> 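I'd like to ask some things about the structure below.
Since we're looking at a predicted model, the values are computed, not measured. Every chain is numbered from 1, with letters handed out A, B, ... down the list of sequences.
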Number of protein chains: 2
Amino acid sequence: MEAEQIEAVRRFNRVITQRIGALEDAYLSREHSLGLSRLLWEIGSEGAEVRVLRSRLSLDSGYVSRQLRRLESEGLVTTDPDENDGRVRTVRLTDAGASERALLDRSSDELAASMLEPLTASQRDRLVAAMAEVEKLVIASLVRIEITDPRDPDARFCLRSYFAELGRRFDGGFDPAQSIPAGDQEMSLPDGLLLVATVQGSPVGCGALKLHPDTGIAEVKRMWVSSGVRGLGLGRRLLECLAKEASTRGTSTLRLETNQTLTEARRLYETAGFVEVEAFNDEPYAHHWFQRDLKPV
Amino acid sequence: MEAEQIEAVRRFNRVITQRIGALEDAYLSREHSLGLSRLLWEIGSEGAEVRVLRSRLSLDSGYVSRQLRRLESEGLVTTDPDENDGRVRTVRLTDAGASERALLDRSSDELAASMLEPLTASQRDRLVAAMAEVEKLVIASLVRIEITDPRDPDARFCLRSYFAELGRRFDGGFDPAQSIPAGDQEMSLPDGLLLVATVQGSPVGCGALKLHPDTGIAEVKRMWVSSGVRGLGLGRRLLECLAKEASTRGTSTLRLETNQTLTEARRLYETAGFVEVEAFNDEPYAHHWFQRDLKPV
DNA sequence: TCCATTCTCTGACCATAGTCAGAGAATCGT
DNA sequence: ACGATTCTCTGACTATGGTCAGAGAATGGA
């Protein structure tokens, strides 16, 4: 990494935190403290359970409790016990609370507008485009990839999303019963593994391996990337991560099959060193079979 | 301004403040509080006067004093009275303080590096480029233009910079004595005015008017934009601002002359509605004379 | 049934980051 | 020379944003 780039990032951080900080001071410090406003915001129009608020903002339970009492005494929220679980309490905004929250929303809009306002139309377009690029790449830098139990909720979410996408994209839909299966056992060590990619706790992609240590072959399955984070090279990162995991577990050849409608996946495999080979199984949904040799570690 | 753009800016602000905030928590919260670290940083390797620190960080004098006592008691700084002015005290870092500051510096580097580290080389380049663009445009949105007394230090700085630049760029240099002068009086109301553009307190550009109410003509003089903020349309903003000020003061025609080496200025004048005319004065350094009619207010 | 756990709440603390009033010394302006 | 101003400092006070221990009610699991 070059010193110049680091200097550029530092300069950016300095300018941006100053600017946004100054604006937040000016706009958001209405009658409530920052903490109260944050809580009010996080409750949302639907209401929220106290324990959810606590974990989302990662705050102490006593602290949240006191803040809620204060909001209550100002008539901005009401808290009622949960119907199913008497320990849990649910906070809801009153009308006054909702309008207070709307005010915060408007302030945020004004804050954003004040960054655009002094600029010409073309400068605004450039700023918005550059911000989108920064945002995207910063999110990319937040991706964490970890081996995850297939029964984990995040893993379940990814697998469900994967099947849903195949259903949407395959000509004639997708029926898991027709396809070669990959059960939880096959995606758990030592038979295989599942990688889940997350951004700040939310699952955004996955990829699995079925290991066959006796033959030195491993199959790549369940490659999926959420539409929100496409174009960030996450597919490639997952694939390389799978290759590394396979390699350290005695795999010399990686195999996978794919459907003709998944063109971007095919391009990914080709540019990642896979070569198309004869069909090595009878997966009914596959049109292309790929293979890649791994360098031993 | 479009709602979409505002939404994009808000999303950017959210993502970036979260990201930078989280990183700062992780990296910068060493043994000193944020306030002490900020002060330590601001003192710099050269040392600084207490009053300068106070105004730069816009902090209460009592507060700064107490913070300094604390840094002193930890052996990180020394404060000595100024040689010339016994009221002023100058703070300097001790060796321990300097190494503490170097540590902060390194943390900032690591923080920046951690944003780049997970990315591929091409993504890094894109991120740095987009950050530079955002930074530039955000700075552009921070520019304030105000009528300023020519004897004000900021004004003096701009005028000095203006002459220095002419000296560098004109073939054969520039000698103010040879040129048609514009004294402080001529750039002060009611005879004229000087606009100074600042970004967060630092002067970055200027432009002056010499008014001639009897003829309805005003002359534009001393147009200068700091090299650090070029390409942001600041010249145009200054020029439009001058035109507006002239217009409200009974000017119907704006005039200016310029040197052939200032090509970007000439392009600015042409695209801002000025047309080249015969020489209307005998300014020895001028090669082109321009004029523009103003719509009455 | 009963013990462990979960969830919320209260009370007692604490550090940080200030603000405000005023005092004392040095300097400036006239 | 002297009154106004500038600069720094001390003391008293405050709000914010927490942490920690423990109590009491509800629930879950064996």
> B/Ser161: what forms a side chain to side chain contact (heavy atoms under 4.5 Å, CB included) with it, not counting sequence neighbours?
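Partners of B/Ser161 by the side chain to side chain contact (heavy atoms under 4.5 Å, CB included) criterion, ordered by chain and then number, come out as B/Phe157, B/Trp224.
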> Under the rule for ring-ring contact (aromatic ring centres under 6.0 Å, His included), what residues qualify as partners of B/Phe163, not counting sequence neighbours?
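Once residues adjacent in sequence are excluded, the partners of B/Phe163 under the ring-ring contact (aromatic ring centres under 6.0 Å, His included) criterion are B/Phe174.
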> Taking only the side-chain nitrogens and oxygens of A/Ser33, find out if one of them lies under 4.0 Å from OP1 or OP2 of D/dG17.
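For A/Ser33, the contact criterion (side-chain N or O under 4.0 Å from OP1 or OP2 of D/dG17) is met.
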> Around atom CZ of A/Arg69, are there more than 12 heavy atoms of other residues, nucleotides or ligands at under 6.0 Å?
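Above 12, so yes.
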> For DNA chain D, which consecutive runs of 3 or more Watson-Crick or G-U pairs (each distance under 3.5 Å) count as stems?
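Output for stems: C:1-30 with D:1-30.
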> Taking side-chain hydrogen bond (donor to acceptor under 3.5 Å, both in side chains) as the definition, give me every residue that meets it alongside B/Ser188, ordered by chain and number, with sequence neighbours left out.
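Once residues adjacent in sequence are excluded, B/Ser188 has no partner under the side-chain hydrogen bond (donor to acceptor under 3.5 Å, both in side chains) criterion.
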> Using a 4.0 Å cut-off on heavy atoms, which residues in residues 41-59 of chain B reach DNA chain C? List them by number, or say none.
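Listed by number, they are B/Leu59.
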> Checking A/Ser202 now: which residues fulfil side chain to side chain contact (heavy atoms under 4.5 Å, CB included) with it, not counting sequence neighbours?
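Once residues adjacent in sequence are excluded, A/Ser202 has no partner under the side chain to side chain contact (heavy atoms under 4.5 Å, CB included) criterion.
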> With no hydrogens and no angle check, just 3.5 Å: does a side-chain donor-acceptor pair link A/Arg89 and A/Thr79?
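Yes, side-chain donor-acceptor contact under 3.5 Å.
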> Which is true for B/Gly62 with a 4.0 Å heavy-atom rule: it touches a base, it touches only sugar-phosphate, or it touches nothing?
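Base, at least one base atom sits under 4.0 Å.
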> Please enumerate all residues that pass side-chain hydrogen bond (donor to acceptor under 3.5 Å, both in side chains) together with A/Arg14, with sequence neighbours excluded.
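Expected list: none.
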> Of all of residues 83-93 of chain A, which get a heavy atom below 4.0 angstrom from DNA chain C, listed by number?
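A/Arg87, A/Val88, A/Arg89, in order of number.
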> Short of 4.0 Å, heavy atom to strand atom, which residues of residues 63-74 of chain A count as contacting DNA chain D?
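The stretch gives A/Tyr63, A/Arg66 as the residues lying under 4.0 Å from the strand, ordered by number.
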> With a cut-off of less than 4.0 Å, is there a side-chain N or O of A/Ser61 near OP1 or OP2 of C/dC9?
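Answer no for this pair, as no side-chain N or O of A/Ser61 is under 4.0 Å from OP1 or OP2.
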> Below 3.5 Å, can you tabulate the donor-acceptor pairs from side chains in residues 134-146 of chain A to any protein atom, sequence neighbours excluded?
unit_1	atom_1	unit_2	atom_2	d
A/Glu135	OE2	B/Arg11	NE	3.3
A/Ser141	OG	A/Val138	O	2.8
A/Ser141	OG	B/Arg19	NH2	3.4

> Does B/Asp95 CG have over 12 foreign heavy atoms under 6.0 Å away?
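No, the 6.0 Å shell around CG holds no more than 12 heavy atoms from other groups.
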> For a quick test of your reading: what N or O donor-acceptor pairs under 3.5 Å do the side chains of residues 40-49 of chain B make, sequence neighbours left out?
unit_1	atom_1	unit_2	atom_2	d
B/Glu42	OE2	B/Arg56	NE	2.8
B/Glu49	OE1	B/Arg51	NE	2.7
B/Glu49	OE1	B/Arg51	NH2	3.1

> How would you list, by chain and number, every residue that makes a side chain to side chain contact (heavy atoms under 4.5 Å, CB included) with A/Ala155, sequence neighbours excluded?
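If we apply the side chain to side chain contact (heavy atoms under 4.5 Å, CB included) test to A/Ala155, skipping adjacent residues, the hits are A/Thr148, A/Asp152, A/Leu194, A/Val196.
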